[in-house]
> 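Here it is: the structure, laid out below.
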Amino acid sequence: MKNKKIDQIAIDNIKINSLNMAFSWKYSDFSSIMSGAKIFHALFGYFFNINRKNNSDVNRDRFVFFNPNILPLFYEILRLYSLISENEYLNLISNRNQNISYSNWTLDWIKSGEIFLGISGGFALGNTIAQNYLNRLDKNINHFTYWYVTERELQEGSTQEALAYAGTHNLRQLIVIYDANEIEYTVDSKSINPENIAKKVESMNFKYIEVSNGQCRSIIKAIKKAQKINQPVFIKILSPQSEQLFKKNFDNSITHEKLEEFKDKTSFQKTNLSDLYSEVVEFYENRLQKIENKIKTFSNSNNLQIFLKNNIRENINDVEEFKEKTYIENALKIINNLCDKYKNLLVLSNDISYFQNIKSLNGIFASNNLGRGIFLGNREFTMINMAMGLGLHSSIETIVIVDINYLGYLLPTLQVLKYSNAKILILLINNRNNFSLSNELKILYSYDHINLLRPCDFNELKGAFEFHFNHTKKSSIIYLKNKEIKEIKDTSKVEFEDGPYYIRKISQTTNIIAAGSDLRIAEIIARRLNSSIISISNIENIESLNYDRNNSILIESYEALSHEKIAKYNIALNKFCNLEKNDEEYIVEKVLTSIVKK
């Protein structure tokens with residue numbers, strides 16, 4: 001059968017199957033499926049490289065999207081690639097939330113709602129940076145990242161950040177596929193976003209390609225051309241008139257009868273709207289077999305094999321403390337030591353000054369050097385997204401260093417980490433006492449999928465790094481005030497790694513509980529009262545600590561961080577005194593007076 005004929009049969013088959021699934025899920029917007037079917041077939045039927053026998057193959061292509069409206073198309077491709085079974089696919093039609101066996105194949109898509117629509121750009125960047133970096137270890141690592149966007153994503157600020165970064169750093173192997181169907185809204189999208197996208201992306205150093213007729217063969221030619229270009233490529237695909245007519249006839253009112261009526265105008269003539277044509281299945285299987293035969297002849301270089309086997313397991317005993325230095329200066333010293341040992345560790349930040357203290361990164365990542373520091377400038381929206389893409393690509397591990405003032409930009413992606421296998425270490429720096437951000441910290445405490453670590457001194461700081469790399473599968477945030485570290489007697493790196501612990505235990509006395517820099521005040525108070533003192537700088541596994549909650553006092557800088565489940569009595573330092581005075585004796589006397597009253 002000639003390709004042009006099988007293309008139309010496959011497109012209609014994919015389209016009807018996906019529309020049927022979307023109808024079953026009670027979708028109200030079918031336009032993305034209508035315009036996306038031909039794009040999915042062109043990409044996955046002709047270009048996308050994957051090793052079905054090895055889902056951890058670093059040289060497979062990546063496909064990134066976050067628009068939930070095209071999820072039925074994605075499931076259809078998983079079905080045609082035999083990555084989910086026929087029964088799993090059919091069960092999905094009636095239950096979209098079903099857990100299915102393809103989970104290891106969805107590393108390029110994170111389960112999310114529309115609130116997280118804009119995070120795909122950074123994720124695609126992370127995948128592409130990983131490919132560029134590994135290519136320097138092994139020239140055979142030459143896969144593509146296909147980033148699928150719609151009008152809605154292009155309006156996101158994080159998407160603009162991602163495009164600008166990709167163009168600035170000439171991230172070859174990144175192909176952005178823009179489904180410009182102009183029918184995604186109930187109003188003409190041009191009235192919402194009238195910019196000249198061609199001039200915009202070209203000014204960002206993208207090669208711009210436009211497919212004006214929206215035909216499958218033209219899309220195939222465009223992708224083939226894009227693969228040969230030595231810079232990031234942006235392909236805009238317009239929809240033919242027939243798809244725009246569908247929007248007018250079916251928008252928000254599609255019924256089973258209308259779906260059948262539309263089906264009769266296509267080459268899909270089966271009664272069951274979930275059926276596959278045997279020639280479509282054969283077409284996809286033949287192409288995948290050809291890919292797998294080529295893979296048999298490929299083997300990783302020694303350098304790449306060593307890199308991929310890198311697994312950070314660390315005992316930080318060979319780093320001496322910077323006496324009379326700040327938390328962040330000591331943290332950067334630990335990071336420098338880690339980067340010297342592990343070449344798969346990359347560090348991201350929006351502040352260039354942090355990289356000046358991490359010499360073993362060998363500079364800033366760019367198209368002309370081997371640096372492992374990812375400097376983003378003022379692109380805070382996309383920072384964690386990029387780290388997530390890097391971390392899910394191969395054996396790469398990431399550390400993100402960011403000021404707490406940008407925490408609001410990070411929260412959407414931090415929520416998405418709940419559905420991801422990515423493991424990221426975030427250094428959240430508070431360069432000043434900022435009371436207005438205490439509610440954001442409280443939000444972080446509410447995330448059960450992220451460890452919030454607040455080390456009080458150098459022992460606990462080392463424990464925080466070891467806990468992240470050695471003892472948890474979750475992402476971690478190390479919260480640090482950029483102030484001088486003051487040592488506390490009897491803190492323990494080892495006990496910190498297990499969770500809350502007694503710094504000093506005196507039987508039948510009140511427990512004074514605190515975390516982070518507040519432990520300094522708490523320790524002075526505990527000595528004055530001859531009380532026990534407990535560190536909750538690592539609050540994980542608090543339930544395993546044997547202590548009397550009703551005979552405990554929790555001391556925190558901010559009222560919003562009080563934990564009533566941890567201690568019966570809570571003291572917020574900022575309610576009793578001006579923390580900006582930074583006068584320990586003044587603060588201690590105020591707290592002691594409060595305790596006596598209680």
Side-chain angles (χ1 to χ4, degrees), residues 1-22 30-50 52 60-65 67 69-84 89 102 105 108-109 144 146-150 175-181 183 209 211-227 235-240 242-243 246 262-263 265-270 273-291:
M1 184 181 294
K2 290 184 178 180
N3 278 356
K4 191 171 183 180
K5 185 175 181 181
I6 189 60
D7 286 342
Q8 193 57 55
I9 294 172
I11 292 167
D12 288 342
N13 204 157
I14 292 169
K15 189 179 296 183
I16 295 299
N17 288 173
S18 300
L19 286 171
N20 182 56
M21 179 177 281
F30 300 85
S31 55
S32 294
I33 292 174
M34 282 297 298
S35 59
K38 62 185 181 297
I39 301 173
F40 270 63
H41 174 64
L43 175 59
F44 291 100
Y46 286 89
F47 296 101
F48 199 80
N49 286 321
I50 191 169
R52 293 182 295 179
R60 68 177 178 87
D61 288 339
R62 268 68 177 175
F63 179 68
V64 179
F65 77 95
N67 183 348
N69 288 334
I70 62 172
L71 189 54
L73 289 171
F74 184 61
Y75 284 144
E76 182 71 7
I77 294 301
L78 291 177
R79 178 194 193 189
L80 287 168
Y81 273 31
S82 300
L83 297 178
I84 60 174
Y89 178 84
Y102 77 91
W105 289 101
D108 314 319
W109 177 81
F144 289 92
Y146 299 96
W147 175 19
Y148 191 96
V149 300
T150 59
I175 298 177
V176 182
I177 298 177
Y178 170 31
D179 179 9
N181 57 47
I183 52 175
I209 300 174
V211 180
S212 57
N213 61 14
Q215 298 301 314
C216 180
R217 300 311 300 179
S218 299
I219 297 170
I220 291 170
K221 290 178 182 178
I223 296 175
K224 188 174 183 180
K225 179 180 179 181
Q227 289 185 337
I235 304 175
K236 179 179 179 179
I237 302 171
L238 295 164
S239 291
S242 58
E243 290 175 2
F246 174 89
F262 173 73
K263 182 203 76 170
K265 298 176 181 178
T266 71
S267 62
F268 186 90
Q269 296 301 310
K270 290 181 176 288
L273 299 183
S274 299
D275 274 355
L276 283 171
Y277 277 96
S278 59
E279 51 264 51
V280 175
V281 174
E282 183 181 356
F283 173 84
Y284 274 82
E285 186 59 34
N286 286 342
R287 182 181 174 273
L288 290 167
Q289 285 292 337
K290 290 178 181 178
I291 294 172

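Fair warning: this is a prediction, and the values are worked out from it, not measured in the lab. Hydrogens, waters and symmetry mates play no part in the numbers below; they use all other heavy atoms, side chains included.
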> If the test is ring pair (Phe, Tyr, Trp, His ring centres under 6.0 Å), which one of F74, Y284, Y148 qualifies with F40?
Y148
> Short question: side chain of Q215, backbone of S212 - any donor-acceptor pair under 3.5 Å?
no
> How long is the span from the NZ atom in K38 to the CD1 atom in I11, to the nearest 0.5 Å?
8.0 Å
> Can you tell me how far apart CD1 (I39) and CG (L73) are? Round to the nearest 0.5 Å.
9.5 Å
> According to side-chain hydrogen bond (donor to acceptor under 3.5 Å, both in side chains), who are the partners of Y81, at least two apart in sequence or on a separate chain?
none
> Side chains of L43 and I219: does their closest heavy-atom pair fall under 4.5 Å?
no
> Are a donor atom and an acceptor atom from the side chains of Y46 and D7 found within less than 3.5 Å of each other?
yes
> Can you check whether R79 reaches L276 side chain to side chain, under 4.5 Å on heavy atoms?
yes
> For N49, check side-chain hydrogen bond (donor to acceptor under 3.5 Å, both in side chains) against everything at least two apart and list the hits.
none
> Looking only at heavy atoms, which two atoms of D179 and S32 are closest? And how far apart?
OD2-O, 4.1 Å
> When rounded to the nearest 0.5 angstrom, what distance separates OG in S218 from CG in L238?
11.0 Å
> In the structure I gave you, are the side-chain heavy atoms of I291 and F48 within less than 4.5 Å of one another anywhere?
no
> Taking all non-hydrogen atoms of both residues into account, name the closest pair between L273 and N17 and its distance.
O-ND2, 2.7 Å
> So, do R52 and L288 sit near enough that their side-chain heavy atoms are less than 4.5 Å apart?
yes
> Between atom CG of N213 and atom OG of S239, what is the distance when rounded to the nearest 0.5 Å?
11.0 Å
> Show your reasoning for whether side chain to side chain donor-acceptor pair (under 3.5 Å) applies to E76 and Y89.
CA-CA 8 Å; E76 182 71 7; Y89 178 84; 2.8 Å; yes
> Taking the side chain from R62 and the backbone from W147, do they hold a donor-acceptor pair closer than 3.5 Å?
no
> Sequence neighbours excluded, which residues qualify as side-chain hydrogen bond (donor to acceptor under 3.5 Å, both in side chains) partners of Q289?
E285
> Is it the case that the side chain of N20 and the backbone of I16 share a donor-acceptor pair, with hydrogens and angles ignored and the cut-off at 3.5 Å?
no
> Below 30° counts as parallel, above 60° as perpendicular, anything between as tilted: where do the rings of F63 and F44 land?
perpendicular
> Please name the pair of heavy atoms, one in Y146 and one in D61, separated by the smallest distance, quoted to 0.1 Å.
CE1-OD2, 3.8 Å
> What are the two closest non-hydrogen atoms of A10 and H41, and how far apart are they?
CB-CE1, 3.5 Å
> For side chain to side chain donor-acceptor pair (under 3.5 Å), just list the numbers for N181 and S31, CA-CA rounded to whole Å, side-chain angles, deciding distance to a tenth of an Å, and then say yes or no.
CA-CA 8 Å; N181 57 47; S31 55; 4.8 Å; no
> Over all heavy atoms of both residues, which pair between G214 and I237 is shortest? Give the atoms and the distance, please.
CA-CG2, 4.4 Å
> Are L80 and I14 packed together at the side-chain level, in the sense that at least one heavy-atom pair is separated by less than 4.5 angstrom?
yes
> Is K270 close enough and on-axis enough to Y277, meaning under 6.0 Å and within 45°, for cation-pi?
yes
> Within a reach of under 6.0 Å around NZ of K225, are more than 12 heavy atoms found that belong to other residues, nucleotides or ligands?
no
> Can F65 and T150 be said to form a side-chain contact (heavy atoms from CB on, under 4.5 Å), step by step?
CA-CA 9 Å; F65 77 95; T150 59; over 6 Å; no
> Just how far is it from atom CE of M21 to atom OG of S274, taken to the nearest 0.5 Å?
7.5 Å
> Distance check, rounded to the nearest 0.5 Å: I209 atom CD1 versus K221 atom NZ?
13.0 Å
> Between I9 and S267, what is the shortest heavy-atom contact and its length?
CA-OG, 3.6 Å
